[in-house]
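In this text, all values refer to a predicted model and were calculated from it rather than measured experimentally. Note: hydrogens, waters and symmetry copies are ignored here, and every other heavy atom, side chains too, is used.
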Amino acid sequence: MNSGRLNIIVGGIVLILAGLGGFALGFTMDAYFEKGFYALPLGMLLLKAGHTHGMPLSLYNILVGSLVDRLALTAKGKRACSFAALGSFIMPFGLILRGATDGAMTFAPVVLIGALCLLISAAIMVKGAIALKSA
């Protein structure tokens, strides 16, 4: 489990941080519920999106870390899958940056880079799983 070790460690750390972020958001959203849930300002909505993307991406990284060494991939492919999965954390980080800057589009490309990393890692995982079945 050499290739995926870092994914499991970072996934666990980000899971804890995203959970703590959820607690912080929960304590600050009560004022908005009086006006209705959809009355959230854009900055708060993007911070919430950063939290809600960080949680499943953490679990995804733990899953990648657990499975990547079992797939029919070269060492370079396993490393690429692992680092691409870690790169997916750029997405919630970009959402948090957009939320902190009240929705500035400056960080929109950052979110896109994280999404592309997620897709790349998923494609590599599928490739390794298909090759495993036929091997």
Side-chain angles (χ1 to χ4, degrees):
M1 193 180 292
N2 292 333
S3 299
R5 182 174 181 267
L6 188 59
N7 294 84
I8 295 170
I9 293 168
V10 174
I13 291 170
V14 174
L15 189 63
I16 292 167
L17 292 175
L20 292 173
F23 281 122
L25 285 170
F27 287 122
T28 59
M29 283 195 177
D30 284 344
Y32 298 109
F33 287 123
E34 293 173 6
K35 301 175 191 172
F37 183 73
Y38 294 104
L40 284 174
L42 181 61
M44 182 68 79
L45 186 68
L46 289 166
L47 288 172
K48 183 176 177 271
H51 153 71
T52 55
H53 282 77
M55 300 290 277
L57 287 177
S58 298
L59 296 173
Y60 175 74
N61 267 275
I62 292 170
L63 181 69
V64 168
S66 300
L67 295 177
V68 74
D69 284 323
R70 298 177 183 188
L71 298 174
L73 295 169
T74 63
K76 185 178 177 182
K78 290 176 184 181
R79 193 169 43 254
C81 182
S82 174
F83 284 123
L86 287 170
S88 69
F89 283 127
I90 295 171
M91 183 194 313
F93 182 68
L95 288 166
I96 290 168
L97 288 174
R98 281 199 66 204
T101 57
D102 225 13
M105 290 301 292
T106 308
F107 298 107
V110 176
V111 177
L112 179 63
I113 292 168
L116 290 174
C117 287
L118 175 66
L119 291 175
I120 290 167
S121 69
I124 295 171
M125 291 264 299
V126 168
K127 178 184 180 271
I130 290 171
L132 183 67
K133 183 178 181 185
S134 64

CG of L57 to CD1 of I90: how many Å apart, nearest 0.5 Å? 11.0 Å

Give the cluster check for L59 versus L119: same hydrophobic cluster or not, with ILVMFWY residues linked at side-chain heavy-atom distances below 4.5 Å. no

Please name the pair of heavy atoms, one in P92 and one in G50, separated by the smallest distance, quoted to 0.1 Å. CB-O, 3.4 Å

Linking I/L/V/M/F/W/Y whenever any side-chain heavy atoms sit under 4.5 Å apart, do F93 and L47 land together? no

Could you give the side-chain donor-acceptor pairs of residues 108-118 under 3.5 Å, partners two or more places apart or in another chain?
none

Check the pair I16, L20 against side-chain contact (heavy atoms from CB on, under 4.5 Å), reporting the backbone distance first and the verdict last. CA-CA 6 Å; I16 292 167; L20 292 173; 4.2 Å; yes

Flag side-chain contact, heavy atom, 4.5 Å: N61 against V14: no

Do you reckon L86 sits in the same ILVMFWY cluster as I13, going by side-chain contacts under 4.5 Å, direct or chained? no

Mind checking whether M55 and L45 sit in one hydrophobic cluster, side chains of I, L, V, M, F, W, Y counted as touching below 4.5 Å? no

Donor-acceptor contact present, side-chain S58 to main-chain L15, <3.5 Å: yes

Under a single-linkage definition using a 4.5 Å side-chain heavy-atom cutoff for Ile, Leu, Val, Met, Phe, Trp and Tyr, are V68 and L6 assigned to the same hydrophobic cluster? yes

Is the backbone N or O of F107 less than 3.5 Å from a side-chain atom of R98, with the two atoms forming a donor-acceptor pair by type? no

As a quick check of understanding, evaluate side-chain contact (heavy atoms from CB on, under 4.5 Å) for L25 and M44, giving each step before the final call. CA-CA 8 Å; L25 285 170; M44 182 68 79; 3.6 Å; yes

Verify, without hydrogens or angle tests, whether N7 (side chain) and S82 (backbone) share a donor-acceptor contact under 3.5 angstrom. yes

Are the side chains of L97 and T101 in contact, using a 4.5 Å heavy-atom criterion? no

Nearest 0.5 Å please: distance from the CZ atom of R70 over to the CG atom of L132. 10.5 Å

Using only atom types and a distance under 3.5 Å, with no angle test, would you say the side chain of K78 pairs donor to acceptor with the backbone of S3? no

Between the main-chain N or O of A122 and the side-chain N or O of Y60, is there a donor-acceptor pair closer than 3.5 Å? yes

Distance in Å, L67 CG paired with I62 CD1, rounded so as to fall on 0.5 Å steps: 12.0 Å

With rounding to the nearest 0.5 Å, note down the distance linking CG in L46 to CD1 in I96. 10.5 Å

Separation between OG of S66 and CD1 of I8, rounded to the nearest 0.5 Å: 4.0 Å

I120 versus I124: any side-chain heavy-atom pair under 4.5 Å? yes

Looking at H51 and A18, would you say the former's side chain and the latter's main chain have a donor-acceptor pair under 3.5 Å? yes

